[in-house]
Amino acid sequence: MAGKIPRSFIDDLIARTDIVELIDSKVGLKKAGKDYQACCPFHNEKSPSFTVSQDKQFYHCFGCGVHGNAISFMMEYEKLEFVDAIEELAALLHLEVPREQSNQHSGPQVSTEQRRSDYELMAQTAKFYQHQLKHHRNSQQVIEYVKGRGLSGETVKKYQIGYAPNEWDSLLKTFARNNNSKQQLIDLKLATEKGPTKQFDFFRDRLMFPIRDKRGRVIGFGGRVMNNQDNGPKYLNSPETRIFHKGFELYGLYEAKHAHKKLHQVLVVEGYMDVVALSEQGIEYAVAALGTATTPEHIQTLFRNTDRIICCYDGDRAGRDAAWRALENALPYLNNGKSLQFVFLPDGEDPDSLVQKEGKEKFELRFDDATDFSALLFEKLSLDLDLATDAGKAKLLQIALPLIEKVPSDFYLENLLTKLARLIGRTKEQLSQKIKTPKQQQSLQKKFKITPMRRAIGLLLQHPQLAKEVDYLPDLSTMKVPGISLFLELQAMCLQHPTITTGQVLEHYRDSQNYAPLAKLAQWQHQVDEETLINDFQHTFKFIEDQCLNHRLETLLIKEKTQGLSSQERQEYLLLMQALKSTKDA
């Protein structure tokens, strides 16, 4: 198994990554003084409170408190594990991630290597299915089916569509070289086990659609039966595994992003075949949820990539229910500039069949008449209510307000309140008073009292070059003053690495109990001018030094009264008295 990633590589990776450039490529930053700002990508807000510091190589949000360095951002924004975030950053810089040699068998190391092996096996499996599409004895029938569905070879190649053979164990025979590889196939749900000696392929005699994650790695499959044969459900999806989580992934999003420099809109449909059929007709911005309802994570991911989501569903009860679930989950993400609309298709039609009948232009004209989310919201809520009665109006008010409160956009909020007021015979102003606006978070200064020790640590953390402006006195650690050991540890680190940044310092403490308080101090707005920074730090350190000396002096005084002092301790006592006297005189 590969060992840990060397600390020196992680430090170097953070040093080489410009956090402003990284975040700007994902979010879009604007200069604000010497720092950069944007609306926070991790919570809904109306004005920018997300700040990125180039000097500190650190970001934080005054609204929700999220913070960190380049690695933290990749973990939060792309929903990656720690090691995956490092590998992603390394790939952006064209670096190979090294590993330390280790004989130890820790969980995370095994997990990291296992995931890498899993991705490789999934990629090989996708190639296996692609090969079978062309070379299996049933390939002619499968290819005829694909052509009959209106798909070209170019689309098949683009989406890596393949064929799972009808034999019980074709995949197992190919990849199960030993017990470990056989177990891996079972763990990834590529094979099924019915007892110690009975294993067989999970997908058989199906058209196969590889599901790719944000990085283009195959993480699962969708398999569709052909020619309506009686071979289980029409669609069979990979169950959840250690690398595949349905609620976070969207089929076709990777391909859509690569087809467009900027996704002006995304069409959400229900099936894999809908996505590829639309792509065949030139509509290369369709995605599908993976056998599950559209989740909040899906919506959040989509709004990170586009400003307009169009949900395209059947017009039947199931389609309307799917639309409502998508709407409920989308409300907290409807910021200014974000659009959510719905298109319902005629009975008996789906996007696949309809786009082949109508073609791209006519199909896209349907988007012009799309139902806005606000119209669908009140249509659904009013469905079983008699709004001619006070009871019906009261009920609508009761069920609508909690949903409206979730919307972060001022414009949308006012629009929804206006529509609700019209329906129940009230004014928008009357309803506005009933809206519960979330309390603004208190400032960090109020929540986190800045003591002299915290001040010294915070200044040093945010400006590591200050380490050389005061004496390094490791003996102070024996004084038992809270925080002094951490201060000295930080000072030593900064002295040893003169160019270290705030982001790099924090990375050293990621898994320690000191990370949370240090992260708060990294966000602290100290309001100290650059011209007076050194002087302020030196005075703060001097206060702490005196505090340590006084603490030791009090300890010796108590001991003298209770036990008596040794000659060495008495000498120390006299020196301390002299030092403190000279300090007062100064």
Side-chain angles (χ1 to χ4, degrees), residues 27-28 30 37-50 61-64 264-266 268 294 296 298-311 320 323-344 367-442:
V27 177
K30 290 185 179 179
Q37 281 188 338
C39 283
C40 181
F42 304 114
H43 84 288
N44 303 304
E45 63 178 6
K46 298 156 189 172
S47 57
S49 62
F50 182 79
C61 175
F62 291 102
C64 67
H264 297 290
Q265 59 190 18
V266 171
V268 179
T294 305
H298 288 150
I299 296 294
Q300 194 173 15
T301 296
L302 289 173
F303 273 142
R304 282 176 180 167
N305 289 281
T306 188
D307 290 335
R308 186 189 188 195
I309 299 175
I310 306 168
C311 295
R320 294 274 171 176
W324 178 250
R325 288 193 295 271
L327 171 56
E328 280 189 297
N329 288 330
L331 290 175
Y333 304 100
L334 285 167
N335 285 294
N336 291 328
K338 300 298 183 183
S339 169
L340 177 67
Q341 297 173 304
F342 297 85
V343 170
F344 296 100
F367 304 161
D368 295 339
D369 298 322
T371 302
D372 184 71
F373 81 92
S374 59
L376 183 65
L377 177 74
F378 289 113
E379 176 189 318
K380 171 71 174 178
L381 294 180
S382 305
L383 196 58
D384 297 318
L385 300 178
D386 183 359
L387 295 183
T389 67
D390 287 344
K393 292 174 182 177
K395 183 65 176 177
L396 179 59
L397 179 65
Q398 179 191 11
I399 59 179
L401 280 184
L403 294 172
I404 293 173
E405 286 173 350
K406 294 180 180 180
V407 178
S409 161
D410 283 337
F411 177 83
Y412 284 145
L413 191 67
E414 289 190 14
N415 184 43
L416 291 168
L417 288 176
T418 300
K419 289 184 177 181
L420 178 59
R422 192 181 301 125
L423 286 169
I424 65 173
R426 292 288 186 274
T427 66
K428 184 190 73 175
E429 290 70 27
Q430 286 174 317
L431 299 186
S432 295
Q433 296 174 7
K434 297 179 180 294
I435 289 289
K436 298 174 185 175
T437 54
K439 292 181 179 179
Q440 295 294 322
Q441 285 202 355
Q442 295 179 336

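This one's a predicted model, so the numbers in the text were calculated from it and none came from an experiment. No hydrogens, no waters, no symmetry mates; every other heavy atom, side chains included, goes into these values.
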Flag if over 12 foreign heavy atoms under 6.0 Å of CG, Asn336: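 Yes, the 6.0 Å shell around CG holds more than 12 heavy atoms from other groups.
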Greater than 12 external heavy atoms within 6.0 Å of Phe411's CZ: no
Residue that, paired with Lys428, satisfies side chain to side chain contact (heavy atoms under 4.5 Å, CB included) out of Lys419, Glu414, Arg422: Glu414
Which value, rounded to the nearest 0.5 Å, describes the distance between [X] atom [atom1] and [Y] atom [atom2]?
| X | Y | atom1 | atom2 | answer |
| --- | --- | --- | --- | --- |
| Gln265 | Asp307 | CD | CG | 11.0 Å |
| Phe42 | Cys64 | CZ | SG | 8.0 Å |
| Leu377 | Tyr412 | CG | OH | 13.0 Å |
| Ser382 | Leu387 | OG | CG | 4.5 Å |
| Leu376 | Gln341 | CG | CD | 11.5 Å |
| Ser409 | Tyr333 | OG | OH | 16.0 Å |

Any side-chain heavy atom of [X] sitting closer than 4.5 Å to one from [Y]?
| X | Y | value |
| --- | --- | --- |
| Leu397 | Leu431 | yes |
| Leu331 | Phe373 | yes |
| Cys311 | Thr294 | no |
| Ser374 | Leu416 | yes |
| Phe342 | Leu327 | yes |
| Lys30 | Pro48 | no |
| Trp324 | Leu381 | yes |
| Leu420 | Ile424 | yes |

By salt bridge (Lys or Arg N to Asp or Glu O under 4.0 Å) - contacts of Asp372 (at least two apart): none
Leu302/Val268 under side chain to side chain contact (heavy atoms under 4.5 Å, CB included): CA gap, chis, key distance, verdict: CA-CA 10 Å; Leu302 289 173; Val268 179; 3.7 Å; yes
Closest contact, heavy atoms only, Ser49 versus Gly63: OG-N, 3.6 Å
